[in-house]
Amino acid sequence: MNAYNELKARGFAYQETDAEKIAALLDSEKIAFYVGFDPTGSSLHVGHLLPIMAMRLLQRCGHKPIVLVGGATGQIGDPSGKLTARPILTKEEVAHNVDCLRGQLARFIAVDRAVFVNNADWFADVKYLDFLREIGNKFSINKMLAQESVKMRLESGLSFLEFNYSILQAYDFYVLNRDYHCKMQFGGQDQWGNMVSGVDLVRRMSQNEVFCMTFPLLLDSNGMKFGKTAGGNNVWLDVERTPVFDYYQFWRNCDDAQLGKLLAFFTTLPMAEVERLSAQTDSGINRAKEILAYEATSLAHGEAAARDAYLAAGSKFGFADPAGKIVTSSAIARIDIAAAAQSDVPTVEVERVKFSGEGLRLTSLFAEIGLTKSASEARRLVEGGGAYCNDERVGDFNRVITEADFRDGALLLKAGKKNMRKVVLK
RNA sequence: GGUGGGAUUCCCGAGUGGCCAAAGGGGGCAGACUGUAAAUCUGCUAGCUUCGCUUUCGGUGGUUCGAAUCCACCUCCCACCA
């Protein structure tokens, strides 16, 4: 498999410094490349997934990923694509987040064949004067001011701290080239300016020619950043924040118009199949979405979890292609949907005592298990006709739940038709 | 350093003494319609023990029967000038 052609075909390449040279480089050599992540949160979400998938692809072609966690730059905040400054994290928060991210990336790439670096390691001891002397004359303010990301922020104001971000990122590239022979950087399209600065700096410092490539920005049909749903929240890779079932549902509910792109980016199915699947119509398109959801979930959470989510969703909403008419190389084809009855929606345990005596108000229960943010929201949900208890619409927001409402020790609650939790007694 | 302007609910942004839990838009949620899609239409969008109560309009204190709105001080931001 040719890495460059594959990246191109799947739509990963948005901008690149030199297409021909990059193609030749990736074809003829096993290179080290890097992708940076800002440790601004303790979990990745699907918005981070695009570079991760690209990294996976490159690694499978024999190239070596360097995962740079921006322990140092994360303390500053990248102005690119942001309208306002980010809050500054403490060193402890950054350290904690770095640990979490490392764990999550392990699901997608072979960690033992990747290098993890933290730029705090080389920035921690940098002395300001030394740094200025070493690289200060390699940067032109005029050039930096011309950068799109900087121009944008000039309107609303930009601190010197943030202005320096691209210098630091460029320096990262230089260090990685020097110490790890890193020859390429990948990143989101909002990183273009910073990445090009890095390419420049490496050439000026060491006369080495290095390259970079950006990925397209994924937007949903409203032009909003991709990866938010279910309450406007991010779809997290952390199962504590986003249960596997919900993760599966996120992909299952994607826009028709996005399907082809999503299959290309977030599954490992061959492009020929991706094209065939995304050309489906009617019930076929729903099968294609099941395949997308299954494959994406399988990558993030493992085959067993993906299978359970698929069966649970299918038993609630029906299967798109029960007869298996649509051919796919996905492992989903081998799942026996007769097993669907056994599988389950996300389940929450609640103490039995809460339901004894007077019982627990339904609205409070909704809030407690996280189906709504508060009891008041649950109340509004009931008033709007969107609350269901054991598949019956709830009409009275004063409804109280007692043990008698449980069937076989379980109670199914739904906020709308698609968000559901099963409550079991503890 | 000087002068002027500003800080409002998730975001943008109205509101300049009671009719303000606060217009409008965005975003989000739900309902209807559908294919668990999109588009469209409708309702909702601070919390609670909900015909009522509590907290919210940068912070603290004050004036007033009553303050997001007036006064004082403080913090932070922006613009122009130097």
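Letters A, B, ... mirror the listed sequences (proteins, then strands); counts begin at 1. Atoms considered below: every heavy atom in the structure, side chains included; atoms not considered: hydrogens, waters and symmetry mates.
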Once you round it to whole Å, what is the distance between [atom2] of [N] and [atom1] of [X]?
X	N	atom1	atom2	value
A:I285	B:rU34	CD1	C1'	13 Å
A:E368	B:rG47	CD	P	17 Å
A:K418	B:rA32	NZ	P	12 Å
A:Y388	B:rA30	OH	P	10 Å
A:L381	B:rG28	CG	P	17 Å
A:M420	B:rC29	CE	C1'	16 Å
A:K289	B:rU34	NZ	C1'	11 Å
A:E377	B:rC10	CD	C1'	12 Å

Which nucleotide wins on minimum distance to the side chain of [X], given the candidates [options]?
X	options	answer
A:K417	B:rG35, B:rA32, B:rG47	B:rA32
A:D255	B:rG31, B:rG47, B:rA38	B:rA38
A:R380	B:rC29, B:rA32, B:rA46	B:rA46

Donor-acceptor under 3.5 Å ([X] side chain, [Y] main chain):
X	Y	result
A:S315	A:A312	yes
A:S278	A:R276	no
A:N390	A:E392	no

SB check [X] [Y] (cutoff 4.0 Å):
X	Y	result
A:E377	A:R380	no
A:E16	A:K8	yes
A:K289	A:D256	yes

Quiz item: Mapping A:G314 and A:G384 onto RNA chain B by nearest heavy atom, which one lands closer to the 5' end?
Solution: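 On the 5' side of the pair lies A:G384.
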
Practice problem: Report the residue (A:R393 or A:R252) whose heavy-atom-nearest nucleotide on RNA chain B is the more 5′ of the two. | Solution: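 Nearer the 5' end of the strand: A:R393.
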
Would you list the protein and nucleotides 49-55 of chain B atom pairs, both N or O, that sit under 3.5 Å from each other?
residue : atom : partner : partner atom : Å
B:rU50  : N3   : A:R379  : NE           : 3.3
B:rU50  : O4   : A:S376  : OG           : 3.1

Can you tell me, in whole Å, how much space there is between the [atom1] of [N] and that of [M]?
N	M	atom1	answer
B:rG1	B:rU45	C1'	47 Å
B:rA46	B:rC20	C1'	13 Å
B:rC33	B:rG58	P	45 Å
B:rA67	B:rG47	P	24 Å
B:rA68	B:rU54	P	14 Å
B:rA32	B:rG25	P	24 Å
B:rG17	B:rU69	C1'	6 Å

Exercise. Verify whether the ring centers belonging to A:Y294 and A:Y248 lie closer than 6.0 Å.
Key: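 No, too far apart.
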
Quiz item: Is it true that A:F265 and A:F215 have ring centroids separated by less than 6.0 Å?
Solution: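 Distance test on ring centres: not under 6.0 Å, no.
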
Paired with [N] by Watson-Crick or G-U wobble geometry, both distances under 3.5 Å: which nucleotide is it?
N	value
B:rC41	B:rG31
B:rC48	B:rG52
B:rU75	B:rA7
B:rA67	none

Quiz item: To the nearest 0.5 Å, what is the distance between CD (A:Q185) and OG (A:S197)?
Solution: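 Rounded to the nearest 0.5 Å, the CD-OG separation comes out at 10.0 Å.
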
Quiz item: Does A:S374 have a side-chain nitrogen or oxygen under 4.0 Å from the phosphate oxygens OP1 or OP2 of B:rA46?
Solution: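 A:S374 to B:rA46 OP1/OP2: no side-chain N or O under 4.0 Å.
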
Quiz item: Contact class for A:A257 vs. all strands (heavy atom < 4.0 Å): base, sugar-phosphate, or nothing?
Solution: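 No contact.
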
